[in-house]
Colleague: 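Quick one: the structure is below, questions incoming.
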Amino acid sequence: MKTFYKIFAFTVLALEYYLPLSGLAANPTYNVKSFGAKSDGNSDSSNSFLQAWDVACASTAPATVYVPRGRYFLRGINFSGKSCKNHAINIRIDGTLLAPANYNVVGKLGTWLRFDGVTGVSISGGTLDGKGNALWACKNLGRTCPNGATSLAFYNSKDIVINGLISMNSQMFHIVIYGSQNAKLANVKILAPRSSPNTDGIHVEHSSGVTITNAHIGTGDDCISIGPGTSNLWIEKIACGPGHGVSIGSLGWTQNEAGVKNVTVKAVTFTGTTNGLRIKTWARPSNGFVKDIVYQHVTMANVENPIIIDQNYCPNHQNCPNEASGVQVHGVHYEDIHGTSATQVAVKFDCSKAKPCSGIMMEEVNLSYDNKQRAASTASASCANAGGTSAGVVKPTSCF
Ligand SMILES: *[C@@H]1O[C@H](CO)[C@@H](O)[C@H](O)[C@H]1NC(C)=O
Ligand SMILES: *[C@@H]1O[C@H](CO)[C@@H](O)[C@H](O)[C@H]1NC(C)=O
């Protein structure tokens, strides 16, 4: 009998281990409401969320933190992975999380909802409301205000999934992935007005193996921004607009800066954005680089700068010795890029005189100038310190 129980218990344990989603042993679900969270939109539920997180972390079986429908007011929270035993935590959100409307509460924290050093965390569903209006107004009036908080950030983390999340009205960036490996962001919706300053949609920096697919992003700054030390980034099926496009940069502010390599941007539509595909570097000395970039199957609708490399970024010509960027841009492939430019110069390669761009490849590019005043004006391309090749139809005619 004893032996039987032992074997039986062992089998159940083994099954639980190998089939964590089977009905044999239900994985624990921790409902934030059973930790005291209130869905009235006013009561501070921060501690309840943290308690549910701590219990999920302490569990060794895959666990779910569940946020039912309703509105939950949260101050800044740091979900730390430091003492987390669990590498499979799903945070399932049916409700809306609300940031404090007073930007002084989280505006200096950097991040509103921060995950640090976690492994195997996924966030499914949910709406984040960053309540950014008052801070944008403060910034737009040129008053002295805090920088504001990113709504959701993962720092130094691994194996992250964000699926079906809606982020609206962030104070600063909506979502940041920093110092992390292997993150999948799918079916994310991002909303903020065209006039909201610094509200980048998704920012990736010092991270590798991030994929962003099926996102709808309309915001006041870059839809997706790519910072130093980003590699193996995959971006596919994105609708961007309003916004400032998909930007690599600004890079090259510091001398010893990690480069950006192997970025694919595929099947993206830009509608009424200020930029489409942009690479931007400071006109400052740097050892940084941008290489192995592929842009493919991109549609532009009334975009101010559909294709742009700007290596002469230096507002007010301040802090830019020699006014030349040290960032080497090499191997940028544009393939099947078509649609309309809102300005005459549809393609602009304004590269560094110190480190000219090389290995730019244009293939099947067809951009026309959508001039509201005059019918049929043609788009043009401009090159400075840029070298490359073109193949197939390339309109405007390449300037290499
Ligand atoms: C480039 O990144 C993709 C993921 O975006 C990855 O599958 C591929 O192996 C990487 N290529 C190299 C040469 O590292
Ligand atoms: C380029 O796009 C224009 C506008 O969509 C279209 O009329 C034209 O046929 C295209 N040219 C080529 C060579 O594909």
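Remember, it's 1-based here, ligands and their atoms both numbered in the order they're listed. Worth saying up front: this structure is predicted, and the values here are computed from it rather than measured.
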Colleague: Could you tell me, atom by atom, which parts of ligand 2 come under 4.0 Å of a heavy atom of N366?
Modeller: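 Every atom of ligand 2 under 4.0 Å from some heavy atom of N366: 1 (C), 2 (O), 3 (C), 8 (C), 10 (C), 11 (N), 12 (C), 14 (O).
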Colleague: Can you classify the ring geometry of W53 versus F79 as parallel (below 30°), tilted (30 to 60°) or perpendicular (above 60°)?
Modeller: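 Ring orientation of W53 relative to F79: perpendicular.
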Colleague: Using a threshold of 4.0 angstrom between heavy atoms of the protein and any atom of ligand 1, which residues qualify?
Modeller: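 Heavy-atom contacts below 4.0 Å: N232, L233, W234, N262.
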Colleague: Do C351 and C383 have their SG atoms under 2.5 angstrom apart?
Modeller: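 Their SG atoms do not fall under 2.5 Å; no disulfide, then.
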Colleague: With a 4.5 Å limit on heavy-atom distance, are the side chains of V329 and F289 in contact?
Modeller: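 Counting from C-beta outward, V329 and F289 never come under 4.5 Å.
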Colleague: Would you mind listing which atoms of ligand 2 come within a distance below 4.0 Å of any non-hydrogen atom of V393?
Modeller: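 It comes down to these atoms of ligand 2: 13 (C).
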Colleague: Measure across Y295 and L277 and return the closest heavy-atom pair with its distance rounded to 0.1 Å.
Modeller: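 So the minimum-distance heavy-atom pair works out to CD2-CD2, 3.5 Å.
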Colleague: Is S48 reaching over with its side chain to a backbone N or O of F35, donor-acceptor style, under 3.5 angstrom?
Modeller: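 Yes: the side chain of S48 pairs with the backbone of F35.
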Colleague: What do the steps show when you test N262 against D292 for side-chain hydrogen bond (donor to acceptor under 3.5 Å, both in side chains), and what is the final call?
Modeller: CA-CA 5 Å; N262 187 17; D292 305 335; over 6 Å; no
Colleague: Heavy atoms only: give me the nearest S151-L128 pair and the separation to one decimal.
Modeller: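 Here S151 and L128 meet closest at CB-CD1, 4.4 Å.
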